[in-house]
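Just below is one structure, and these are the notes that go with it.
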Number of protein chains: 2
Amino acid sequence: MLRRTQQREAIKKALIEAGRPLSPSEILFEAKEHSPGMGIATVYRAVKQLVESEWLVPVEIPGEPPRYEVVRQDHHHHFYCRECGRVYAVEHCPGDFRRMTPKGFALESHEVLLRGVCAECRQAAG
Amino acid sequence: MLRRTQQREAIKKALIEAGRPLSPSEILFEAKEHSPGMGIATVYRAVKQLVESEWLVPVEIPGEPPRYEVVRQDHHHHFYCRECGRVYAVEHCPGDFRRMTPKGFALESHEVLLRGVCAECRQAAG
DNA sequence: CTGCAAATGATAGGTTGCTATCAAAACCGT
DNA sequence: ACGGTTTTGATAGCAACCTATCATTTGCAG
């Protein structure tokens with residue numbers, strides 16, 4: 001059966017505290033705060049379990065390793081900062097993608113990715 | 001200087017005839033119609049040149065090799081068929097992504113990806 | 001507290017997509 | 001038609017990301 005380990009707790013805590021989707025290497029970095037010595041294999045294993053148990057959801061970005069975010073109810077999308085590579089969730093969706101769908105095609109879902117520079121990086125750059 | 005070879009002509013013809021973004025392996029498959037015996041290395045080389053000369057534009061899909069489409073003037077997005085993996089260009093953009101952007105963030109571009117099943121696959125499935 | 005199944009960390013191995021290499025073939029100006 | 005330069009095809013190499021393996025450690029039921 002599933003055991004409650006220091007490492008998995010550290011990983012969940014890292015994801016909750018971050019408040020944004022994290023990549024496996026980001027998770028490792030943050031989780032080490034709470035559980036030093038953790039290995040990357042443990043992160044991949046925990047993420048796999050947490051996705052299967054629907055506690056985490058993958059956020060895919062082209063050309064990037066997937067980020068993972070704690071499940072949330074609201075429909076939302078993401079912003080990718082080209083400076084730091086961090087991903088943020090964003091509210092409001094312009095909806096109505098049906099009229100973009102070609103005739104005869106079945107639309108099942110959509111993804112919107114905003115690209116630019118986050119507030120922190122803008123400030124750092126001046 | 002740049003030479004006009006049978007292979008590069010076959011690759012450009014394949015992309016024009018397809019009328020949709022193609023991945024390197026799709027390009028190879030289609031271009032072999034016009035130039036049998038072509039190798040994948042030639043496709044990668046030609047694609048690199050055609051992107052640099054702004055004849056082709058990459059279309060990135062999470063978890064997929066990039067597709068490449070002949071440059072076009074209009075702003076548009078793409079539809080990914082989960083059945084056949086083909087990518088299609090789609091018209092109309094719901095615009096106004098600025099109000100989705102968090103305060104302090106600089107929005108530079110956006111991507112919309114529709115997912116579902118294309119007309120051909122729907123028909124095949126019945 | 002004890003014992004054993006589960007979890008961990010280190011690292012080797014696998015996969016995929018792309019680039020480098022190099023001998024052979026194809027372009028193309030002359 | 002010649003000849004040098006470019007291009008090609010085959011394949012080895014590389015890089016990034018993820019999974020498998022296995023000896024050691026840890027959680028936890030009894």
Side-chain angles (χ1 to χ4, degrees), chain A residues 1-15 21-53 55-69 80 82 84-87, chain B residues 1-15 21-53 55-69 78 80 82 84-87 113:
Chain A
M1 96 289 300
L2 201 67
R3 286 174 184 174
R4 162 175 292 247
T5 66
Q6 184 195 108
Q7 288 87 341
R8 258 196 294 264
E9 293 305 302
I11 287 168
K12 294 171 78 171
K13 196 179 291 187
L15 282 155
L22 299 181
S23 68
S25 62
E26 285 175 324
I27 294 172
L28 178 62
F29 186 85
E30 296 299 329
K32 272 182 169 169
E33 289 292 310
H34 304 296
S35 178
M38 189 184 311
I40 188 67
T42 297
V43 173
Y44 282 111
R45 277 186 291 239
V47 164
K48 189 179 179 185
Q49 290 169 346
L50 292 170
V51 169
E52 279 169 2
S53 66
W55 192 85
L56 277 184
V57 172
V59 176
E60 311 271 10
I61 314 280
E64 287 285 318
R67 271 64 172 174
Y68 297 90
E69 73 183 348
Y80 175 80
R82 65 168 166 78
C84 60
R86 277 180 292 211
V87 174
Chain B
M1 94 292 295
L2 202 68
R3 284 176 185 174
R4 161 174 295 247
T5 65
Q6 185 196 107
Q7 288 87 340
R8 258 196 294 266
E9 293 304 302
I11 286 168
K12 293 171 76 171
K13 195 179 294 187
L15 282 155
L22 299 181
S23 68
S25 62
E26 285 175 324
I27 293 171
L28 178 61
F29 186 85
E30 296 299 328
K32 272 182 168 169
E33 290 291 310
H34 304 296
S35 180
M38 191 184 310
I40 188 68
T42 298
V43 174
Y44 282 111
R45 277 187 292 240
V47 164
K48 188 178 180 186
Q49 290 169 344
L50 293 169
V51 169
E52 278 168 3
S53 67
W55 193 86
L56 276 185
V57 172
V59 176
E60 311 271 10
I61 314 279
E64 288 285 318
R67 270 63 172 173
Y68 297 90
E69 73 183 348
H78 299 92
Y80 176 80
R82 65 167 165 78
C84 60
R86 278 181 289 210
V87 175
L113 179 65

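Note that the structure is a prediction, hence the values are computed from the model and not measured. Numbered from 1 within each chain, the chains take letters A, B, ... in sequence-line order.
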Looking at the base of C/dG9, is there any donor atom on it, or on the side chain of A/Arg45, that sits under 3.5 Å from an acceptor on the other one?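 Side chain to base: pair present.
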
Between [atom2] of [N] and [atom1] of [X], the distance in whole Å:
X: A/Ile40; N: C/dT8; atom1: CD1; atom2: P; answer: 13 Å
X: B/Ile27; N: C/dC18; atom1: CD1; atom2: P; answer: 10 Å
X: A/Tyr44; N: C/dG9; atom1: OH; atom2: C1'; answer: 15 Å
X: B/Arg3; N: C/dA26; atom1: CZ; atom2: P; answer: 13 Å
X: A/Ile11; N: C/dA7; atom1: CD1; atom2: P; answer: 12 Å
X: A/Gln6; N: C/dA7; atom1: CD; atom2: C1'; answer: 12 Å
X: A/Arg8; N: C/dG9; atom1: CZ; atom2: P; answer: 11 Å
X: A/Met38; N: C/dA10; atom1: CE; atom2: P; answer: 11 Å

Exam field: side chain A/Arg3 to backbone A/Met1, donor-acceptor pair closer than 3.5 Å: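 Checking the backbone N and O of A/Met1 against the side chain of A/Arg3, no donor-acceptor pair under 3.5 Å is found.
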
Check for a donor-acceptor pair, side chain of B/Arg8 on one end and backbone N or O of B/Val43 on the other, with a separation under 3.5 Å.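 No; zero donor-acceptor contacts below 3.5 Å.
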
Assuming nearest nucleotide by heavy-atom distance, tell me which of B/Pro36 and B/Met1 is located more 5' along DNA chain D.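 Upstream on the strand: B/Met1.
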
Report the nucleotide, chosen from C/dG9, C/dC18, D/dT7, that has the shortest atom-to-atom distance to any side-chain atom of B/Thr5.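 Among the listed nucleotides, the one closest to the side chain of B/Thr5 is D/dT7.
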
Heavy-atom count check: over 12 atoms from other residues, nucleotides or ligands less than 6.0 Å from A/Gln49 CD?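 Yes - once you tally the heavy atoms of other residues, nucleotides and ligands closer than 6.0 Å, there are more than 12.
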
Please determine whether the number of non-hydrogen atoms from other residues, nucleotides or ligands lying under 6.0 Å from atom CD of B/Glu64 exceeds 12.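 Atom CD in B/Glu64 is crowded, with more than 12 foreign heavy atoms closer than 6.0 Å.
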
Nearest-nucleotide 5' precedence on DNA chain C, B/Pro65 against A/Ala41: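 Between the two, 5'-proximity favours A/Ala41.
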
